[in-house]
There are 2 protein chains.
Amino acid sequence: MTYVARAATTADAFNAVAEPRRRQILDLLADGERPVNDLVRMLDLPQPMVSKHLRVLRAVKLVEVRDVGRQRLYAANGRHLKPIHDWVQHYERWWSKRFERLDDVLEELKQTEGGRNDRDD
Amino acid sequence: MTYVARAATTADAFNAVAEPRRRQILDLLADGERPVNDLVRMLDLPQPMVSKHLRVLRAVKLVEVRDVGRQRLYAANGRHLKPIHDWVQHYERWWSKRFERLDDVLEELKQTEGGRNDRDD
DNA sequence: TCATTATATACCTATATCGGTATATGTCAA
DNA sequence: TTGACATATACCGATATAGGTATATAATGA
């Protein structure tokens with residue numbers, strides 16, 4: 001019956017960032033590196049929780065660490081959020097002013113391309 | 001010991017979209033409405049899976065349904081992806097050309113915020 | 001050395017989820 | 001009505017989480 005159950009969900013940026021705490025942590029680290037205990041204090045979370053979230057973030061390379069004495073300084077690395085940015089941007093037309101009047105856009109397209117209308121992607 | 005375990009993870013757009021299949025479904029529906037069976041065929045997934053993913057997407061209003069005969073036509077509504085867009089955009093500096101020269105970034109920040117520099121840490 | 005501080009990890013529990021199969025619901029057509 | 005089609009839902013099983021506590025590791029300072 002080979003049950004597959006489910007796949008790991010913390011293995012990519014989308015999932016890493018689906019957890020609100022991890023977004024908070026990233027936001028805090030976006031302004032510059034911080035030791036773990038800073039985060040613990042600012043988030044009011046048990047230290048092991050913070051360490052575990054950091055581990056997930058590190059696994060997907062959204063944060064980097066640097067050892068300084070007995071502290072570990074974490075810093076955000078937003079680079080790997082780009083796939084999310086790119087994917088979401090395809091949906092821009094639902095909020096961007098640029099697409100406010102769809103009719104006009106379609107009209108424009110029709111005029112410009114002259115003939116090619118509907119397709120499947 | 002009142003265990004809290006974990007919170008529901010399908011209750012917001014971030015989580016809904018963390019699942020790759022659901023992104024696929026959204027992508028398919030972004031071009032226009034489709035009946036469930038279209039998705040079943042295109043994704044090669046068991047129909048109940050598709051229905052369940054659609055349910056999650058509907059719960060966060062990323063899709064809308066319309067009944068036509070015995071079919072249910074689903075359509076994407078990207079509007080609720082905007083929170084993701086907005087959040088991710090804060091990390092734009094990690095990939096955007098606009099931020100290639102740090103000097104410019106600082107200039108820009110200075111212009112935008114007008115003076116406020118360092119804060120509470 | 002020992003104590004303190006800083007962080008990570010090993011457990012444990014409860015549960016939300018994914019994946020699957022079987023069944024219910026609902027609609028149309030003959 | 002009956003049957004076929006379209007979709008949703010009710011189960012069930014396995015497991016990856018989140019959250020918690022206790023402990024390990026590691027560096028510093030006395």
Side-chain angles (χ1 to χ4, degrees), chain A residues 1-26 28-29 33-60 63-75, chain B residues 1-26 28-29 33-60 62-75 121:
Chain A
M1 284 295 163
T2 50
Y3 270 88
V4 182
R6 42 192 295 232
T9 81
T10 45
D12 64 281
F14 276 97
N15 277 288
V17 142
E19 168 66 39
R21 316 277 210 183
R22 287 197 284 263
R23 287 201 298 281
Q24 278 184 64
I25 290 176
L26 266 186
L28 290 173
L29 295 178
E33 55 185 9
R34 286 189 183 280
V36 178
N37 263 344
D38 265 32
L39 303 173
V40 170
R41 262 176 261 119
M42 300 169 93
L43 298 171
D44 195 36
L45 276 178
Q47 174 265 315
M49 271 291 107
V50 175
S51 280
K52 273 191 277 187
H53 283 311
L54 285 169
R55 197 160 152 62
V56 172
L57 290 171
R58 201 158 32 122
V60 298
V63 298
E64 285 158 3
V65 214
R66 184 166 75 92
D67 286 31
V68 172
R70 50 185 152 184
Q71 304 201 354
R72 313 203 74 191
L73 300 184
Y74 280 87
Chain B
M1 283 296 161
T2 51
Y3 270 88
V4 181
R6 42 193 295 231
T9 81
T10 45
D12 64 281
F14 277 96
N15 277 288
V17 142
E19 169 66 40
R21 318 276 210 179
R22 288 197 283 264
R23 287 201 297 280
Q24 278 184 64
I25 290 176
L26 266 186
L28 290 172
L29 295 177
E33 54 185 11
R34 286 190 184 279
V36 179
N37 264 343
D38 266 31
L39 303 173
V40 170
R41 260 176 262 120
M42 300 169 92
L43 298 171
D44 195 35
L45 277 177
Q47 174 265 314
M49 269 293 108
V50 175
S51 280
K52 275 191 278 187
H53 283 312
L54 285 169
R55 197 159 155 58
V56 173
L57 290 171
R58 200 157 33 121
V60 298
L62 282 171
V63 298
E64 286 158 3
V65 214
R66 185 167 74 92
D67 286 31
V68 172
R70 50 185 151 183
Q71 304 201 358
R72 313 202 74 191
L73 301 183
Y74 281 87
D121 48 356

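Heavy-atom basis, side chains included; hydrogens, waters and symmetry copies ignored. Predicted, not measured: the structure shown is a model, and the values here were computed from it. Chain letters run A, B, ... following the sequence lines, proteins first and then strands; every chain starts at 1.
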For residues [X] and [Y], report the shortest heavy-atom separation together with the two atoms involved.
X	Y	answer
B:A16	B:V56	CB-CG1, 4.1 Å
A:Q47	A:V40	CA-CG2, 3.7 Å
A:L39	A:L29	CD2-CD2, 4.0 Å

Could you tell me the separation between the [atom1] atom of [X] and the [atom2] atom of [N], rounded to a whole number of Å?
X	N	atom1	atom2	answer
A:L45	D:dG20	CG	P	8 Å
B:D67	C:dT27	CG	C1'	10 Å
A:L43	D:dG20	CG	P	13 Å
A:E19	D:dA16	CD	P	17 Å
B:R21	C:dT17	CZ	P	17 Å
B:I25	D:dA8	CD1	P	11 Å

Tell me whether the OP1 or OP2 atom of C:dG19 has a side-chain N or O from B:H53 closer than 4.0 Å.
yes
Determine the sole option in B:R22, B:R58, B:E33, B:H53 for which the side chain to side chain contact (heavy atoms under 4.5 Å, CB included) test with B:V63 is passed.
B:R58
Sugar-phosphate atoms are those with a prime plus P, OP1 and OP2; base atoms are the rest. Using that split, label each nucleotide of nucleotides 4-11 of chain C B, S or - for protein heavy atoms under 4.0 Å, 5' to 3'.
BBSBBB-B
Does some side-chain heavy atom of A:L43 sit less than 4.5 Å from a side-chain heavy atom of A:R21?
no
Ionic contact status for A:R41 with A:D38, cut-off 4.0 Å
yes
